[in-house]
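Hydrogens, waters and symmetry mates play no part in the numbers below; they use all other heavy atoms, side chains included.
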There are 2 protein chains.
Amino acid sequence: MNDGDGGAAPRKRADAQRNERTLLDAAAAVFVTSGVEAPVRDIAARAGVGVATIYRHFPTRADLIIAVYRHQVEACAEAGPALLAAVASPYAALGRWINLFVDFLVTKHGLAAVLRSDDAGFHALHAYFLDRLVPVCAQLLRAAAAAGEIRSDVDALELMRGVGNLCIGAENDPRYDARRLVAFLIAGLRQPG
Amino acid sequence: MNDGDGGAAPRKRADAQRNERTLLDAAAAVFVTSGVEAPVRDIAARAGVGVATIYRHFPTRADLIIAVYRHQVEACAEAGPALLAAVASPYAALGRWINLFVDFLVTKHGLAAVLRSDDAGFHALHAYFLDRLVPVCAQLLRAAAAAGEIRSDVDALELMRGVGNLCIGAENDPRYDARRLVAFLIAGLRQPG
DNA sequence: ATAGTAATCGGAACAGGATTCCGTTTATCC
DNA sequence: GGATAAACGGAATCCTGTTCCGATTACTAT
């Protein structure tokens, strides 16, 4: 809703809309090469705008990161119920879903690191990821526990944070395979016996 | 060797030795309250010296952190073989040793985070921790694998990095229990079947 | 079409931290 | 006690992030 006209929102100016799009593209490109903590000035330069324009559109870096990756996070969130419906074993569905999440994180240079940062500026990023993905994870955990495949005392938030942490620094380092370690962690959730 | 006199090293001046000690104490105190990434100026102020004095004694922050925690890291390294000798099951010894490591990390505010940082300035810190602890971990892993208690394809470096990552952000957050997650990870190493 | 208006813009100014430089101090040796 | 070079402190520099302000430009009403 509130996309074409709206009542209260006075519709943004055309140049502002254009700049927002340009900034998203520039940020995405810079994130790929320099990571999500690239200097603000670099992103502004790449977009051909002044630094203040970034702050006007995205008050904190978290807002910019969220905007850049929103689609992929949504896709990941929606994949949870789909996997649960499509795969026979809830435990297998959980494993598959976690792999999707891990793949997403390790391909976004530095994202896992800022995701766990306790810097106040990243509060919105924290909140978004957690609000969107923790419930999905909790649903998968409940299903697997109900099926007796894993222990029932696993907290979704804790697991998500653990998996996120395991993904830190996993980009382009052949000696560290986050996927493998996460698989061990998930294996460790199985019922003892 | 080369502690009291030596041949090539011209023995440091007395005030320099005193400052180095003072700096170590000041850094240790500041690390406890503000974490290992505390501003250099704070440490200098606490020690009552100029900032350049820090750089003269410890060229990078990594050197300072290593010096502050060297004793505890050595103790952890030496605990490995001791546990292996004292505990009947190598797998149990591994678990106990990992717990020592985790306890060390989570009580040093922010240490786990810089430990995994790929910032060039922390290269020495990386190298020291890895050189000192990975061989110990490898020995424990070999013993447990030889006893048939865990799979034999676990790399010590990878495991250490995984455990270190799980400890990031674990200080004073009741909703995140790094010890518990590490326990799951170690449990996941058991032989399948 | 045009003048008025307010949203938006760009880059300079400011702030905070790390790192380096240099004139001064001081321990050591003779 | 004086010469010498190591060590010192703090100012200067550099690099980011963030805010401010005069200039610009899209929209609106006539």
Engineer: Judged by each residue's nearest nucleotide on DNA chain C, which is more toward the 5′ side, Val51(B) or Glu20(A)?
Structural biologist: Glu20(A)
Engineer: Can you tell me the distance, in whole Å, between the CD1 atom of Ile43(B) and the C1' atom of dA18(C)?
Structural biologist: 12 Å
Engineer: Closer than 4.0 angstrom, basic N to acidic O: yes or no for Arg179(B) and Asp177(B)?
Structural biologist: no
Engineer: Ignoring hydrogens and angles, are the base of dA18(C) and the side chain of Arg41(B) linked by a donor-acceptor pair under 3.5 Å?
Structural biologist: yes
Engineer: What is the nucleic acid contact for Gly121(B), judged by heavy atoms within less than 4.0 Å: base, sugar-phosphate only, or nothing?
Structural biologist: nothing
Engineer: Asp42(B) has an atom CG; how far is it from atom C1' of dG16(C), in whole Å?
Structural biologist: 12 Å
Engineer: Counting any heavy atom closer than 4.0 Å, what does Val49(B) reach on the DNA or RNA strands: base, sugar-phosphate only, or nothing?
Structural biologist: sugar-phosphate
Engineer: Leu64(B) has an atom CG; how far is it from atom P of dA18(C), in whole Å?
Structural biologist: 12 Å
Engineer: Is a salt bridge present between Asp119(A) and Arg61(A), judged by a nitrogen-to-oxygen distance below 4.0 Å?
Structural biologist: no
Engineer: In whole angstroms, how far is the P atom of dA7(C) from the NZ atom of Lys12(A)?
Structural biologist: 14 Å
Engineer: Closer than 4.0 Å, any side-chain N/O of Arg56(A) to the OP1 or OP2 of dC9(C)?
Structural biologist: yes
Engineer: OP1 or OP2 of dT8(C) sitting under 4.0 Å from any side-chain N/O of Asn19(A)?
Structural biologist: no
Engineer: For Asp103(B), is there an ion pair with Lys108(B) - N to carboxylate O distance below 4.0 angstrom?
Structural biologist: no
Engineer: Expressed in angstrom and rounded to an integer, what is the separation of Arg18(B) atom CZ from dT26(C) atom P?
Structural biologist: 11 Å
Engineer: Less than 3.5 Å apart, any donor N or O on the side chain of Asp25(A) or Thr22(A) sitting next to an acceptor on the other?
Structural biologist: no
Engineer: Which residue, Ala38(B) or Asp15(B), contacts DNA chain C at a nucleotide closer to its 5' end, judged by nearest heavy atom?
Structural biologist: Ala38(B)
Engineer: In plain terms, say whether Asp173(A) and Arg175(A) are close enough for a salt bridge, that is, a side-chain N and a carboxylate O under 4.0 Å apart.
Structural biologist: yes
Engineer: When we call it a touch if two heavy atoms are under 4.0 Å apart, what does Ala52(B) touch: a base, just sugar-phosphate, or nothing?
Structural biologist: base
Engineer: To the nearest Å, give me how far apart CD1 (Ile65(A)) and P (dG17(D)) are.
Structural biologist: 12 Å
Engineer: Determine whether any donor atom in the side chain of Arg13(A) lies under 3.5 Å from an acceptor atom in the base of dA7(C), or the reverse, and answer yes or no.
Structural biologist: yes
Engineer: What is the distance, rounded to the nearest whole Å, between atom CZ of Arg21(A) and atom P of dT8(C)?
Structural biologist: 17 Å
Engineer: Heavy atoms from C-beta onward define the side chain here; which of dG10(C), dT8(C), dC8(D) lies closest to that of Ala16(B)?
Structural biologist: dC8(D)
Engineer: Is any side-chain N or O of His57(B) closer than 4.0 Å to OP1 or OP2 of dC8(D)?
Structural biologist: yes
Engineer: Within this structure, what is the CD1-to-P distance between Ile54(A) and dT8(C), rounded to whole angstrom?
Structural biologist: 16 Å
